[in-house]
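Okay, so here's the structure we're looking at.
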Amino acid sequence: MAERPEDLNLPNAVITRIIKEALPDGVNISKEARSAISRAASVFVLANNFAMKGKRKTLNASDVLSAMEEMEFQRFVTPLKEALEAYRREQKGKKEASEQKKKDKDKKTDSEEQDKSRDEDNDEDEERLEEEEQNEEEEVDN
C-alpha cells in the first residue's frame, strides 16, 4: 500500500490508453489534461487506502476529502464539502417527497378500498332486503 502521494502516480502510458479507450476516435487530449486525470485517479487510489486502513470496502466522502487534502487539493475541499451538503439536502428532500407521495397514495388506496367495501356492504344489504321482501311475499301468498 502506498504511503506517500508521490507513490500513487499512475504511469502516463496507462492513463493515455484509458483516455483513448474512453474518447471517440480523432479526439486529442492535452498533456495537462492527462496529468489532471492522473492526479484525480491518484486521489481515489489514496482514498481507497484510507478505506482499507479503516477495514472498509466502500469509499465514503470523508475518504475522498482526506485524500484530496493529502494530495494538496485543499482549495477544492471546501467547495466540494458545500456541494456534497447541497446534494445530500436535495436527496433528503426528494426522499421525503417520495415518502409523502407514497403515504398519500396509500391513504387514497385505503379510502378507495373503504368506499368499495361500503358499496359491497350496501349491495349485500340491498340483496338481503330484496330476499326478505320476496320471502314475505311468498309467506303472504301461502
Salt-bridge present (E85, R88; N to O < 4.0 Å):
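Looking at E85 and R88, the cut-off is met.
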Just how far is it from atom [atom1] of [X] to atom [atom2] of [Y], taken to the nearest 0.5 Å?
| X | Y | atom1 | atom2 | result |
| --- | --- | --- | --- | --- |
| L65 | T78 | CG | OG1 | 9.5 Å |
| D63 | M52 | CG | CE | 11.5 Å |
| L23 | I29 | CG | CD1 | 6.0 Å |
| K92 | R89 | NZ | CZ | 10.5 Å |
| I37 | E32 | CD1 | CD | 12.0 Å |

Testing the basics here: between [X] and [Y], what is the closest heavy-atom pair and its distance to 0.1 Å?
| X | Y | result |
| --- | --- | --- |
| A67 | A47 | CB-N, 3.6 Å |
| M71 | R39 | O-NH2, 2.9 Å |
| R56 | F50 | NH2-O, 4.0 Å |
| T58 | A51 | O-CB, 4.0 Å |

If Ile, Leu, Val, Met, Phe, Trp and Tyr residues are connected whenever their side-chain heavy atoms lie under 4.5 Å apart, and connections chain through other members, are [X] and [Y] in the same group?
| X | Y | answer |
| --- | --- | --- |
| F44 | V14 | no |
| M68 | Y87 | no |
| V27 | I18 | no |
| F73 | L84 | no |

Main chain of R34, side chain of S38: is a donor-acceptor contact present, judged purely on distance under 3.5 Å?
no
Under 3.5 Å: donor-acceptor pair, side chain of E69, backbone of Q74:
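It does not hold such a pair.
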If the test is side-chain contact (heavy atoms from CB on, under 4.5 Å), which one of V43, N48, N49 qualifies with L46?
N49
If you draw a 6.0 Å radius around CD in E99, do more than 12 non-hydrogen atoms from other residues or ligands fall strictly inside?
yes
